[in-house]
Novice: 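If you scroll down you'll find the structure; I have some questions about it.
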Amino acid sequence: MKINLKLTNSPKAKPTDESKLGFGAVFSDHMLIRKWTAENGWEDAEIVPYADFVLSPAAAVFHYGAEIFEGLKAYRTAEGKVQLFRPIENVRRMNNSAERLCMPQMPEEEMLECIKKIVEVEKDWVPHSEGTSLYIRPFLIGTDPKLGVHTVHQCTFCVICSPSGSYYAEGLAPVKIMIEDEDVRAVRGGTGYAKCGGNYAASYRAGEKAAKKGYSQVLWLDGVERKYIEEVGAMNVMFKIDGVVVTPELLGSVLPGITRKSCIELLKAKGYKVEERRISVDELFEAAKSGRLEEAWGTGTAAVVSPIGELIFKDKEYKINNFEIGKTTQMLYDTLTSIQWGKAPDEHNWIVKID
Ligand SMILES: *Cc1c(COP(=O)(O)O)cnc(C)c1O
């Protein structure tokens with residue numbers, strides 16, 4: 001694979017007020033494109049000026065959800081260097097998602113090289129302020145200009161970059177979560193473990209319902225018994241019950257989060273007992289009622305760790321840890337962000353340096 005550079009002659013002005021970046025609304029000067037066809041496989045990649053796509057209105061992505069994506073960040077260290085956090089995990093997950101949707105996989109080292117190269121080209125777009133980062137969005141779309149429902153024969157892999165603000169501009173704060181008992185996100189045998197676009201469109205309705213009630217995210221239950229906890233919004237979820245950290249196991253409907261995996265590894269290294277198992281709402285509320293539910297938090301690349309202060313299920317409300325951030329939640333947030341922004345040594349070999 002070659003990566004050909006066709007760089008812009010008219011770079012955009014970088015945002016001056018990094019406190020107003022928000023998330024995913026500003027884009028850097030370039031994008032990486034790599035096309036694939038069933039006949040010829042992957043072409044060379046190219047880095048070109050960020051621009052709109054021209055696609056057939058019949059393209060598979062518009063009709064049948066032939067789309068998968070990833071999300072990771074480039075972080076700027078105090079020395080001004082740029083680094084990635086466990087990008088090989090995103091590469092592997094992207095290929096797993098591709099396998100589920102019968103879309104083409106890319107050799108791991110080539111996809112990693114694509115991601116590293118676009119970040120290297122765009123490194124001046126990695127913001128400098130505390131908590132900010134360059135959000136990296138690799139995605140793959142089916143572009144076959146045919147309406148027949150069949151596996152894709154032509155695809156475009158693309159990586160775009162978006163300087164993004166601090167998720168916690170006002171500091172780490174607990175959120176209120178609604179347990180959804182009607183809509184489901186995924187079932188075993190479906191696409192829950194894949195990061196594919198269709199999963200998210202299908203989650204909008206429950207999200208809207210939660211927002212109307214004043215809750216910031218939805219906690220999803222399993223699609224078969226509507227009983228076992230799966231994840232919260234687009235984050236994995238963890239509970240601390242009687243000192244033990246419990247998180248739903250990966251049975252096919254839960255997205256295998258890299259933050260989840262990192263938290264489990266950190267917790268075990270620090271001597272915590274961690275259980276990956278099924279946990280029902282009943283068990284959770286029993287634990288809450290008897291005071292054994294000590295902490296709850298979500299995990300994901302965007303927020304890192306998001307403390308859960310309150311749960312509602314069919315109009316029953318439970319406060320967790322007096323709506324305060326728990327010690328374990330805070331420890332995980334501090335440890336992970338210190339590694340990501342290069343403030344702590346990278347003992348687990350998770351960091352990939354760009355320059
Ligand atoms: C991306 C995502 C996560 C979190 O994964 P990370 O790799 O930790 O960012 C969790 N759940 C869903 C549904 C997701 O899409």
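One-based numbering, in listed order, for ligands and for the atoms of each.
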Novice: Applying a heavy-atom distance cut-off of 4.0 Å, which protein residues contact ligand 1?
Specialist: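 Near ligand 1, by chain and number: Arg93, Arg185, Lys195, Tyr200, Glu231, Ala234, Met235, Asn236, Leu255, Gly257, Ile258, Thr259, Gly300, Thr301.
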
Novice: Centroid separation under 6.0 Å, is that true for the rings of Tyr200 and Phe69?
Specialist: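 Between Phe69 and Tyr200, the centre distance is under 6.0 Å.
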
Novice: Using the six-membered ring wherever Trp is involved, compare the ring planes of Phe285 and Tyr318 and label them parallel, tilted or perpendicular (cut-offs 30° and 60°).
Specialist: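 It falls in the tilted class, 30° to 60°.
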
Novice: Measuring from Tyr64:OH to His150:NE2, what's the distance to the nearest 0.5 Å?
Specialist: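 Rounded to the nearest 0.5 Å, the OH-NE2 separation comes to 8.5 Å.
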
Novice: Has the side chain of His30 got a donor or acceptor atom that lies under 3.5 Å from a matching backbone atom of Thr8?
Specialist: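 It does hold such a pair.
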
Novice: Checking ring-ring contact (aromatic ring centres under 6.0 Å, His included) for the pair Tyr333/Tyr168: CA distance, chi angles, key distance, verdict?
Specialist: CA-CA 11 Å; Tyr333 181 80; Tyr168 294 108; 5.7 Å; yes

Novice: Among residues at least two apart in sequence or on other chains, which ones pass ring-ring contact (aromatic ring centres under 6.0 Å, His included) with Phe53?
Specialist: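 Applying ring-ring contact (aromatic ring centres under 6.0 Å, His included) to Phe53 gives none.
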
